[in-house]
Amino acid sequence: MKIDLNSDMGEGFGPYRLCDDEAMMKIVSSANIACGFHGGDPDTMGRMVRLAKQNGVGIGAHPGLPDRPGFGRREIPFQADELRQQMLYQLGALMAIARAERVTVSHLSFHAAMGNMVNRDPVLADLMMDAIATVDANLVVFVTSGSEIEQAAKRARLKTLVLFLADRAYDGGGRLVARGLPGAVIKDEAAVRARVRKFLLDGSVETSDGGVIAMPARSILVHSDTPGALELAGIVRAEIEATGATLAPAAELAE
């Protein structure tokens with residue numbers, strides 16, 4: 001089996017960094033690069049693209065809301081077309097930087113509040129997916145199973161890749177437990193290892209209430225701002241290799 005391991009990267013700016021991006025890039029197969037709104041800046045974006053190229057890592061855009069102090073995790077009541085333009089602005093910037101390095105952007109993964117807003121509104125989801133398809137019909141969109149983004153991407157005839165968030169808790173309905181609630185972010189290495197092993201062996205995950213749900217994913221995400229992210233990503237990669245699976249970038253796995 002082939003599976004993608006990805007992380008949100010380049011989310012610092014200037015001299016400030018959230019994680020060791022250089023080391024993380026040696027572990028993952030796909031990188032979701034912040035595009036300057038919630039994190040990142042032109043220099044950081046260029047550095048991430050070059051690192052991805054050096055390590056054979058798939059390059060993806062990670063657009064978010066223009067809210068650096070809130071790290072893009074606070075919803076802001078923009079109009080639908082405003083959100084569309086913000087997403088296109090960020091995607092276009094990364095595509096230009098990547099093209100100058102003679103590589104291409106292969107996927108897109110929404111960040112935090114922007115993704116939540118799109119997932120809650122089917123009309124907005126269609127607007128976003130149609131815009132992405134118009135820019136590049138070959139882009140892969142990272143999705144959660146059964147989400148509005150997944151359905152809208154399919155309507156726009158875009159390829160998708162379902163994510164399993166190794167460091168986030170799920171409720172019984174398959175939704176992410178809201179950040180801020182107890183246990184929402186999983187930092188314990190043993191817990192992450194057990195979750196990933198269960199997912200790889202039988203395609204399921206234990207929920208926050210002790211139940212078990214199916215997890216039809218082909219990509220595992222580790223957030224780079226989770227405490228101990230580098231170690232957690234290493235654990236996930238070790239579990240993937242221990243099961244006999246191999247890493248592959250998102251573009252090779254999307255359907």
Sorted by first residue and then second, give each salt bridge (Lys or Arg N to Asp or Glu O under 4.0 Å) pair with at least one member in [range]; sequence neighbours left out.
range	result
residues 88-116	Arg50-Glu101
residues 62-74	Asp67-Arg74, Arg73-Asp225
residues 241-250	Arg237-Glu241

Between the CD1 atom in Ile33 and the CD atom in Glu11, the distance rounded to the nearest 0.5 Å is 11.0 Å

Output for pair (Leu247 CG, Ile240 CD1), nearest 0.5 Å, gives 5.0 Å

Kindly write out the residues that satisfy salt bridge (charged side-chain N to carboxylate O under 4.0 Å, His left out) with [X], not counting sequence neighbours, or none if the list is empty.
X	result
Lys26	none
Asp126	Arg155
Asp43	none
Glu150	Lys154

Notebook entry, point to check: side chain to side chain contact (heavy atoms under 4.5 Å, CB included) between Asp4 and Phe142: does it pass, once the steps are laid out?
Noted result: CA-CA 11 Å; Asp4 174 55; Phe142 280 5; 3.7 Å; yes

[X]: which other cluster members, linking ILVMFWY side chains closer than 4.5 Å, directly or transitively?
X	result
Phe13	Tyr16
Leu18	Phe71
Val177	Leu181

Notebook entry, point to check: His107 and Asn6: side chain to side chain donor-acceptor pair (under 3.5 Å), yes or no, with the steps?
Noted result: CA-CA 11 Å; His107 68 273; Asn6 71 92; over 6 Å; no

The side chain to side chain contact (heavy atoms under 4.5 Å, CB included) partners of Ala125 (sequence neighbours excluded) come to Val118, Glu148, Ala152

Check side chain to side chain contact (heavy atoms under 4.5 Å, CB included) between Arg175 and all other residues, then give those that pass, not counting sequence neighbours.
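Residues passing side chain to side chain contact (heavy atoms under 4.5 Å, CB included) with Arg175: Asp171.
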
Between the side chains of Asp8 and Ser224, is a donor N or O closer than 3.5 angstrom to an acceptor N or O?
no

### Query
Can a salt bridge be assigned to the pair Glu22 and Arg47 using a cut-off of 4.0 Å between side-chain N and carboxylate O?
yes

Pair Lys198 + Glu239: basic N to acidic O under 4.0 Å: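 Result for this pair is no, no salt bridge flagged.
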
Please step through side chain to side chain contact (heavy atoms under 4.5 Å, CB included) for the pair Ile213 and Val205, ending with a clear verdict. CA-CA 6 Å; Ile213 58 171; Val205 61; 3.6 Å; yes

Determine yes or no for a side-chain-to-main-chain donor-acceptor pair under 3.5 angstrom, with Asp41 supplying the side chain and Gly14 the backbone.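 Side chain of Asp41 to backbone of Gly14: a pair is present.
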
In terms of relative ring orientation, are His62 and His38 parallel, tilted or perpendicular, with 30° and 60° separating the classes?
perpendicular

